[in-house]
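Reading through the structure tokens given below for one structure.
Count residues from 1 along the sequence.
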Amino acid sequence: MRPLALEVHIELSLQGHWALVGGASQGIGQATARALAEQGARVILMSRRSEVLEQVRNSLPNPTQHRTLALDLERLEDISTSLGRLVADIGHVTIWVNNTGGPKAGPLSEASPDEMERAFRGHVLSSQVILRALLPGMKTANYGRIINVLSTSVRIPIPNLGVSNIVRGAMASWAKTLSLELGASGITVNNILPGFTETPRLESLINGAVAKTAKSEEEVRNEWVKTIPAGRIGLPTETAAAIAFLASPAAAYISGVSIPVDGGRTGSL
Ligand SMILES: NC(=O)c1ccc[n+]([C@@H]2O[C@H](COP(=O)([O-])OP(=O)(O)OC[C@H]3O[C@@H](n4cnc5c(N)ncnc54)[C@H](OP(=O)(O)O)[C@@H]3O)[C@@H](O)[C@H]2O)c1
């Protein structure tokens, strides 16, 4: 038996890495871009709104070393072309935070096949296109961190988020399958499952609940907070902190898992 190495060194620095962060114009993606930049990564901020991405980039430490990439993840050909160009220009992208907007709310039984197809394109198919663009670089570097931002609905489906529940389940299975295939290449694949988190997405879900129930915004918020053991809504920086750890060298032996960042709310093991 080999002697155990007892010295502990927790390596959190992302110096020398390029990180692609989806949904970087606001919410969890924006907080994550900042966290990774603060840990030393050079960040590619991706979403549809180029002007907002530029503003976020300019607010990061060392703004000139980061890039923006304006893309609609529902347009698969654009993703392929843009990422091909990017990789040819900068080389390996070894960290990928796979994050985008959630599908429209509503019961599954009322969702049209078109709605479902659009959500699959923007989440599952776009993930596959990005994977194929980044994977060769991760393999060459023998370092890869794929972190998917999903939802606690991976564990327990959420009422009135029908299409989202289906797409998140598919993404969780996609991630687990990849983690089994890629483990030997130094690539980990994990999922972060946000609970209620203070972002524009939460605002729109609250507004939807207000319109449906005739309750006030405060009443809706209070009802939701009552379900959270931590007694409050989470901050996007708290989600970003978990993502930043998974992106680091310290998390090399964590793969194929789904981690709720939800103040203890998810009622499953
Ligand atoms: N906040 C919560 O309470 C909560 C809870 C559970 C799960 N989640 C999930 O976690 C993820 C992030 O949440 P969030 O609250 O930060 O969401 P958010 O505030 O809605 O932000 C979504 C981000 O995705 C980008 N985006 C949307 N559609 C896109 C498209 N077609 N192509 C490229 N980029 C697109 C948006 O930027 P542009 O408009 O610039 O494209 C934006 O930066 C979402 O999937 C959400 O459903 C959130």
Heavy-atom side-chain contact between [X] and [Y] under 4.5 Å:
X      : Y      : value
Pro194 : Ile28  : yes
Val149 : Val97  : yes
Thr32  : Val43  : no
Leu53  : Val56  : no
Glu203 : Glu198 : yes
Met46  : Asn99  : no
Ser25  : Gln30  : no
Trp174 : Gln128 : yes

Pairwise distance [atom1]([X]) to [atom2]([Y]) - rounded to 0.5 angstrom:
X      : Y      : atom1 : atom2 : value
Ile233 : Ile228 : CD1   : CD1   : 4.5 Å
Ile254 : Asn190 : CD1   : CG    : 7.0 Å
Asn58  : Thr64  : CG    : OG1   : 9.5 Å
Glu51  : Thr68  : CD    : OG1   : 11.0 Å
Met138 : Ile95  : CE    : CD1   : 8.5 Å
Glu181 : Ile187 : CD    : CD1   : 10.5 Å

For the hydrophobic clusters of this structure (ILVMFWY residues joined by side-chain heavy atoms under 4.5 Å, transitively), does one cluster hold both [X] and [Y]?
X      : Y      : answer
Leu202 : Leu150 : no
Phe196 : Val154 : no
Tyr143 : Leu134 : no
Leu135 : Leu73  : yes
Met171 : Ile147 : no

Next item on the list: For the pair Glu115 and Arg118, find out whether any cationic side-chain nitrogen is under 4.0 Å from an anionic carboxylate oxygen.
Entry: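 Not counted as a salt bridge, because no side-chain N and carboxylate O are separated by less than 4.0 Å.
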Checklist line | Carboxylate-amine/guanidinium contact Glu54 Arg49, below 4.0 Å | finding: no
Quick one: do the [X] and [Y] side chains pair a donor with an acceptor below 3.5 Å?
X      : Y      : answer
His9   : Glu7   : no
Thr152 : Asp262 : no
Ser80  : Arg132 : no

Check: Taking it one step at a time, do Ser258 and Arg155 satisfy side-chain contact (heavy atoms from CB on, under 4.5 Å)?
Finding: CA-CA 9 Å; Ser258 293; Arg155 297 274 172 78; 4.0 Å; yes
As a test of understanding, state which of [options] forms a side-chain contact (heavy atoms from CB on, under 4.5 Å) with [X].
X      : options                        : result
Val220 : Asn207, Val225, Ile206, Leu205 : Ile206
Leu20  : Thr94, Ile130, Leu45           : Ile130
Ile259 : Leu193, Leu246, Asn191         : Leu246

Notebook entry, point to check: Can you check side-chain contact (heavy atoms from CB on, under 4.5 Å) on Thr213 and Glu219, steps first, answer last?
Noted result: CA-CA 10 Å; Thr213 59; Glu219 283 169 325; over 6 Å; no
Notebook entry, point to check: Stepwise, does the side chain to side chain donor-acceptor pair (under 3.5 Å) test hold for Arg34 with Thr237?
Noted result: CA-CA 9 Å; Arg34 180 172 309 284; Thr237 47; over 6 Å; no
Check: Between the side chain of His123 and the main-chain N/O of Gly101, is any donor-acceptor distance below 3.5 Å?
Finding: yes
Closest non-hydrogen atom pair, [X] against [Y]:
X      : Y      : answer
Leu83  : Ala133 : CB-CB, 3.8 Å
Pro103 : Val163 : CB-CG1, 4.1 Å
Pro260 : Thr266 : CB-OG1, 4.3 Å
Ser47  : Gly23  : CB-CA, 4.2 Å
Ser126 : Ile79  : CB-CD1, 3.7 Å
Gly122 : Glu74  : CA-CG, 3.9 Å

Note to self: Is it the case that atom CZ in Arg75 sees more than 12 heavy atoms from other parts of the structure closer than 6.0 Å?
What the structure shows: no
Notebook entry, point to check: Would you find more than 12 non-hydrogen atoms of other residues, nucleotides or ligands less than 6.0 Å from Glu11 atom CD?
Noted result: yes
Next item on the list: Check step by step if side-chain contact (heavy atoms from CB on, under 4.5 Å) holds for Gln26 and Arg201.
Entry: CA-CA 9 Å; Gln26 65 184 39; Arg201 164 79 170 174; 5.8 Å; no
Next item on the list: Evaluate the criterion side-chain contact (heavy atoms from CB on, under 4.5 Å) for residue pair Ser151 and Ile158; output intermediate values, then yes/no.
Entry: CA-CA 9 Å; Ser151 161; Ile158 300 174; 3.7 Å; yes
